[in-house]
Amino acid sequence: MGEIVSGWGCSGGREEIPVPATLEEAVAVQEELRQWVRLDPLGRNVRYIAGADAAYDRDTVFGAAVLMDFPGLRRIGSAVVKEPVRFPYLPGLLAFREGPVLLRAVAGLGTRPDFVIFNGHGFAHPRRIGLASHLGVLLDLPVFGVADRPMIGVVGAPGPERGSTSSLRDGDEVIGMAVRTKEGVRPVYVSAGHRIDLATSVKFALSTACSYRIPEPLRQAHLLSRAASRGQSG
DNA sequence: GCGACAG
DNA sequence: ATCTTGTCGC
């Protein structure tokens, strides 16, 4: 029997990501979605890219997505949405907490980008289905994740110069990469999400992070959601 | 059993 | 994620 961890809400059942009632159920959803994840090289010319992130204000989640052209990196669109928090933060199950708002934010762009960057991990997850992979499958779009720190695995420090990398390994397999996007600044951790491979993900993480440590679409989405959560104009 | 554990 | 000002350093 599945033990009920807690009352995680009673949605009307019309979300892109149904709210699991138990831990077992959430993991079962991940194992199902995992079968659809494909990490192949990106086979298309990149013109439009997006970044999405979430911020909180008590029991409300704000999701923001920013659309930019590439390689110009000019902002050509954005969307901000909010909704009540329906799932707790549980390491390994982040997609169930932030997925709904993030999907709505990306949809709000009104344009399907060539790929999306999410704040968190993709393949570098205990079950190989982190938030980025999870949402990539639901969006059926190429996506990769960029995180502040690894969740699992061991990694060495990349060289101090921008562009240096160091493999994030879980046993024998490379699950992600520590990437120095800015000289002398701590690295970000990149992992493929869906319909893109690690090397290509790293390439784009670097080509979209010029002045700052965080890839521009993600950085701006972060600022947008943050501003919204604090009731500002953005 | 103990510690770790994206945001 | 979030609570929070100034401050040290390149």
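Residue numbering restarts at 1 for every chain, and letters A, B, ... go by the order of the sequence lines.
- In this structure, the CG atom of A:Leu90 is 12 Å from the C1' atom of B:dA6, given to the nearest Å.
- A:Gly184 comes within 4.0 angstrom of nothing in the nucleic acid, heavy atoms only.
- Rounded to an integer number of Å, the gap from A:Asn119 CG to B:dA6 P is 12 Å.
- A straight line from CD1 of A:Ile152 to P of B:dA6 spans 11 Å, rounded to a whole angstrom.
- For A:Tyr48 and A:Phe70, the distance between ring centers is not under 6.0 angstrom.
- In this structure, A:Ile129 places its CD1 atom 14 Å from C1' of B:dA6, rounding to the nearest Å.
- Remark: ring of A:Tyr89 does not overlap the six-membered base ring of C:dA1 in a stacked fashion, as centroids less than 5.5 Å apart with planes less than 30° apart are not both met.
- One can place OH of A:Tyr189 at 12 Å from P of B:dC5, the figure rounded to the nearest angstrom.
- Of the listed nucleotides (B:dC5, C:dT2, B:dG7), B:dC5 has the atom at the smallest distance from the side chain of A:Met151.
- Residue A:Tyr56 contributes atom OH, which lies 13 Å from atom P of C:dC3 at whole-angstrom precision.
- Note that A:Arg128 lies in the cation-pi zone of A:Phe123, set by a 6.0 Å cut-off to the ring centre and a 45° limit from the axis.
- Rounded to whole angstrom, the span from the CG atom of A:Asp148 across to the C1' atom of B:dC5 amounts to 15 Å.
- Ring centers of A:His194 and A:Phe144: at least 6.0 Å apart, outside the cut-off.
- Checking the phosphate oxygens (OP1, OP2) of B:dA6, a side-chain nitrogen or oxygen of A:Arg149 falls inside 4.0 Å.
- Using a 4.0 Å heavy-atom distance criterion, A:Ala124 is classed as making no nucleic acid contact.
- Between A:Phe204 and A:Phe115, the ring-plane angle classifies as tilted under the 30° and 60° cut-offs.
- Separating the CZ atom of A:Arg127 from the P atom of B:dA6 is a distance of 13 Å, rounded to the nearest angstrom.
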